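The sequence lines fix the lettering, A, B, ..., with proteins before strands; numbering per chain opens at 1. These numbers come from the heavy atoms of this one structure, side chains and all, not from hydrogens, waters or symmetry mates. All figures in this text were calculated on a predicted structure; none of them were measured in a lab.
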Protein chains: 2
Amino acid sequence: MVLRKKERTYSRYSTDAVILLGKLIQLARKERKISESDLADRAGIARSTLQKIEKGDLTCEIGLVFEVATIVGIKLFDAESRLTMQIERADDKIALLPKAVRKSRKRVDDDF
Amino acid sequence: MVLRKKERTYSRYSTDAVILLGKLIQLARKERKISESDLADRAGIARSTLQKIEKGDLTCEIGLVFEVATIVGIKLFDAESRLTMQIERADDKIALLPKAVRKSRKRVDDDF
DNA sequence: GAGAAATGACCGCTAAAAACTTCATATGAT
DNA sequence: ATCATATGAAGTTTTTAGCGGTCATTTCTC
């Protein structure tokens, strides 16, 4: 019995965002004259995985992608205010909202 | 023989960035009064996976995280200029650099 | 307060990702 | 031009993330 591959759909934005991130990583790596092997070693991942990341493969673990990005100096969030501070602010906002959402009555609501 | 779990290290920034992203997603979800199940369904993922994403689990696939973020309206890159345009610009910059990096002489260089 | 729904946490299974390896080719420093 | 090495592209093995399920608890609506 052949198991069909699980079809996964991604929005155009998600796809493009990951591709862009991968290219920014590659660009930063080359500007800093770091080889794939070197960067992979520093990040503690396989070179093949780094190649997937730079290609914008959507299946890579977000932790690995962010780690590589961080190593080559790419910040995804404004470093202006510390991340921990932003996290706290998000927590505060969440605390103000109801802890459990109660509403959607099976409204799938395809928004278009 | 006990196999030790592969130790993976992440920088503070990566960890915090993913946690922040997860919280921003949860915040956006609650503001829009969408339940975990609903959002998971819309994204085509399991509720357990969404929970991991909102907790900032570093092992989640980047595509799933970005997809969920996109659904609740979070943009990681400036939507001012189109992403495709930014991708092209990155490509152009990369094209100007040497195709193969040549330099690092086994400098592991633990930077601290 | 009652009841329905949302959330939090856990677990086994399996498809799939990451690691590891190899090889060919392209590339750049000398 | 030489040659060490960076890159591209597989194939295989190992590890693991996502799924789907369960159950207890909390929370919101009425």
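Between B/I45 atom CD1 and D/dG21 atom C1' there is a gap of 16 Å when expressed in whole angstrom units. Distance A/L50 CG to C/dC20 C1': 15 Å, rounded to the nearest Å. When the P atom of C/dT27 is taken as reference, atom NZ of A/K33 falls 16 Å away, rounded to whole Å. Going from atom CG of A/L97 over to atom P of D/dC28 covers 11 Å, rounded to whole Å. In this structure, A/L39 atom CG and D/dA6 atom C1' are separated by 14 Å, rounded to whole Å. Between the CG atom of A/L64 and the P atom of D/dT16 there is a distance of 12 Å, given to the nearest Å.
Between A/K99 and B/S48, the residue whose closest nucleotide on DNA chain D is further toward the 5' end is B/S48. When each of B/K30 and A/T49 is assigned the nucleotide of DNA chain C with its nearest heavy atom, B/K30 is the one assigned upstream, toward the 5' end. Nucleotides of DNA chain D nearest to A/S37 and B/C60 differ in position, and the one nearer the 5' end is that of A/S37.
For A/E36, taking side-chain heavy atoms from C-beta onward, the closest of the listed nucleotides D/dC19, C/dA6, D/dT7 is D/dT7. For B/E61, the side-chain atoms get nearest to D/dA17 when compared with the rest of D/dA17, C/dG28, D/dT7. Out of D/dC28, C/dG28, D/dT7, the shortest distance to the side chain of A/S35 is found at D/dT7.
B/Q86 places a side-chain N or O within donor-acceptor distance of the main-chain N or O of B/D78, the cut-off being under 3.5 Å. Distance alone, capped at 3.5 Å, places no donor-acceptor pair between the A/K33 side chain and the B/R102 backbone. A donor-acceptor contact shorter than 3.5 Å is absent between the side chain of B/R47 and the backbone of B/S37.
The local environment of NZ in B/K75 is crowded, with over 12 non-hydrogen atoms from other residues, nucleotides or ligands closer than 6.0 Å.
Rounded to the nearest 0.5 angstrom, A/D92 CG and A/I87 CD1 are separated by 12.0 Å. One distance of note links CZ of A/R42 with CD of A/E67; it measures 12.5 Å at 0.5 Å rounding. The line from NZ of A/K52 to CD1 of A/I45 is 10.5 Å long, rounded to the nearest 0.5 Å. B/T15 OG1 to A/L83 CG: the interatomic distance, rounded to the nearest 0.5 Å, is 10.0 Å.
Side chain B/R47 to base D/dG18: no donor-acceptor pair is found below 3.5 Å. Contact of A/R102 with C/dA5 (side chain to base): a donor-acceptor pair of N or O atoms is detected under 3.5 Å.
Across all their heavy atoms, A/V101 and B/S35 have their closest contact at CG1-N, 3.9 Å.
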Pair A/Y13, B/F77 - check side-chain contact (heavy atoms from CB on, under 4.5 Å), show working.
CA-CA 10 Å; A/Y13 184 87; B/F77 291 101; 4.0 Å; yes
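For B/R29 and C/dT7, the shortest distance from a side-chain N or O to OP1 or OP2 is below 4.0 Å. Considering only side-chain N and O atoms, A/R8 lies under 4.0 angstrom from the phosphate OP1 or OP2 of D/dC19.
For the segment residues 10-21 of chain B, no residue has any heavy atom less than 4.0 angstrom from an atom of DNA chain D. If you check residues 51-59 of chain B against DNA chain C, the residues with a heavy atom closer than 4.0 Å are B/Q51, B/K55, listed by number.
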